[in-house]
Amino acid sequence: MRRIRVRIDSLVRDPTGRPGIHLSCPTGARPAPGQCALAVLPGQAQPARTALFPTRLDPQGFTADLPEGADWPPGADLDVLTPVGNGFSPPPSARRWLLAAVGVPPGRLLPLIDRGLARGAAVVLCAAARPAGLPAAVEVVLNASEAVAWADFLAADLAPEGVPNLRRQLLGADQPTLQLPRAAQVLVTPPMPCGLGVCGACAVNGRRRWQLACLDGPVFDLHTLDE
Ligand code: FES
């Protein structure tokens with residue numbers, strides 16, 4: 001992880017239509033899918049950082065959602081810690097990827113799609129609507145339960161309040177016999193004001209112990225959180 005200045009070079013729309021920003025960023029400092037950059041405007045009195053997760057990666061940097069309430073104009077520099085945490089790590093042998101956004105937009109899962117297709121995997125996205133520009137090879141389903149038995153890798157993005165009853169959140173209450181794939185990872189995104197494991201604000205309650213999203217996550221093995 002490095003602390004660097006990056007520039008907001010443009011305001012954009014992400015493939016789901018949400019307002020976003022494009023950040024110029026050296027390749028080694030770009031967050032991988034599921035990792036984030038923790039940003040603050042330089043010189044702020046209370047430097048609580050805001051997590052920026054990539055919704056698209058490119059050779060110049062990455063695109064992220066514009067945080068709610070952030071007054072960040074194009075041309076502004078941000079002080080960022082990047083890359084923060086552990087991203088998604090699909091097993092090399094996985095050939096059937098299910099990407100499931102539950103209760104959140106699918107943007108943070110989209111950078112996984114190119115990676116999956118490049119590996120020759122079939123990719124199914126669970127989302128409320130088909131994002132713009134999605135490759136034709138990617139099928140979209142409304143409910144993760146439609147494809148979970150098919151998948152040999154599951155990447156999920158879930159609001160932090162969905163962590164208790166994770167399985168129910170993903171599959172619904174009426175699917176008691178469906179098994180989750182052994183390789184199943186979930187992105188959990190509580191506030192991460194420091195990114196250094198100091199403040200404790202990003203604690204996530206796992207099966208056996210509390211874990212910190214900024215150090216142990218924000219992508220967790222789903223089976224370590226599932227009840
Ligand atoms: S963000 Fe402060 S401990 Fe994780």
Side-chain angles (χ1 to χ4, degrees), residues 1-8 14 18 20-21 23 25-26 28-55 57 61-72 76-89 101-112 155-166 169-170 184-227:
M1 180 169 66
R2 296 152 63 179
R3 181 178 178 182
I4 58 172
R5 292 277 177 105
V6 299
R7 178 151 298 175
I8 300 173
D14 84 0
R18 291 161 64 87
I21 49 178
L23 296 150
C25 189
R30 277 186 319 172
Q35 290 183 312
C36 66
L38 292 178
V40 68
L41 280 176
Q44 285 205 334
Q46 294 180 328
R49 293 178 179 272
T50 300
L52 302 175
F53 287 87
T55 55
L57 295 163
F62 68 100
T63 297
D65 286 342
L66 180 65
E68 220 165 280
D71 186 16
W72 293 352
D77 284 339
L78 297 174
D79 174 332
V80 299
L81 297 175
T82 183
V84 171
N86 302 306
F88 289 103
S89 52
V102 180
V104 294
R108 296 182 291 213
L109 297 174
L110 297 182
L112 277 172
D157 186 357
L158 208 65
E161 52 273 21
V163 171
N165 301 316
L166 231 172
Q169 295 287 329
L170 276 168
Q185 299 169 358
V186 60
L187 173 60
V188 183
T189 55
M192 288 185 266
C194 79
L196 300 170
V198 173
C199 70
C202 66
V204 175
N205 196 0
R207 281 176 78 167
R208 300 209 170 127
R209 63 182 177 92
W210 287 87
Q211 302 185 75
L212 296 178
C214 67
L215 297 184
D216 305 309
V219 173
F220 296 90
D221 182 330
L222 191 149
H223 300 290
T224 68
L225 301 183
D226 193 21
E227 290 180 341

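Please read these numbers as outputs of a predicted model, since none were measured by experiment. Whatever order the structure lists ligands and atoms in, that order sets their numbers, starting from 1.
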Task: Subset of ligand 1 atoms that lie under 4.0 Å from at least one heavy atom of C199 - done: 1 (S), 2 (Fe), 3 (S)
- [ ] May I ask you to check if any N/O/S atom from C194 comes under 2.8 Å of atom 4 (Fe) of ligand 1?
- [x] no
- [ ] Provide the number and element of each atom of ligand 1 under 4.0 Å from a heavy atom of P193.
- [x] 1 (S)
Task: Of L23, T50, D77, the residue whose pairing with W72 passes side chain to side chain contact (heavy atoms under 4.5 Å, CB included) - done: T50
Task: Proximal ligand 1 atoms for G197, defined as those under 4.0 Å from one of its heavy atoms - done: 3 (S)
Task: Closest contact, heavy atoms only, R49 versus L38 - done: NH1-O, 3.1 Å
Open item on the list: Please check this pair: side chain of Q185 against backbone of A155, looking for a donor-acceptor N/O pair closer than 3.5 Å.
Closed with: no
Task: Sub-4.0 Å atoms of ligand 1 with respect to non-hydrogen atoms of M192 - done: 1 (S)
- [ ] Return yes when at least one N/O/S atom of C202 is nearer than 2.8 Å to atom 2 (Fe) of ligand 1, and no when none is.
- [x] no
Task: Donor-acceptor contact present, side-chain R108 to main-chain A101, <3.5 Å - done: no
TODO: Please name the pair of heavy atoms, one in A51 and one in M192, separated by the smallest distance, quoted to 0.1 Å.
DONE: CB-CE, 4.2 Å
TODO: Can you pull out the closest protein heavy atom to atom 1 (S) of ligand 1? Residue, atom name and distance to 0.1 Å, please.
DONE: G195 N, 3.2 Å
Open item on the list: For V198, which part has a heavy atom under 4.0 Å from ligand 1: side chain, backbone, both, or neither?
Closed with: backbone
- [ ] Calculate, to the nearest 0.5 Å, the distance between atoms CG and CG belonging to L222 and L187 respectively.
- [x] 11.5 Å
Open item on the list: Show the nearest heavy-atom pair for residues L52 and A64, with the distance to one decimal.
Closed with: CB-CB, 3.9 Å
- [ ] Starting from atom 3 (S) of ligand 1, find the nearest protein heavy-atom neighbour and note its residue, name and distance.
- [x] G200 N, 3.2 Å
Open item on the list: When you measure from atom 4 (Fe) of ligand 1 to the N, O or S atoms of C214, does any of those distances fall below 2.8 Å?
Closed with: yes
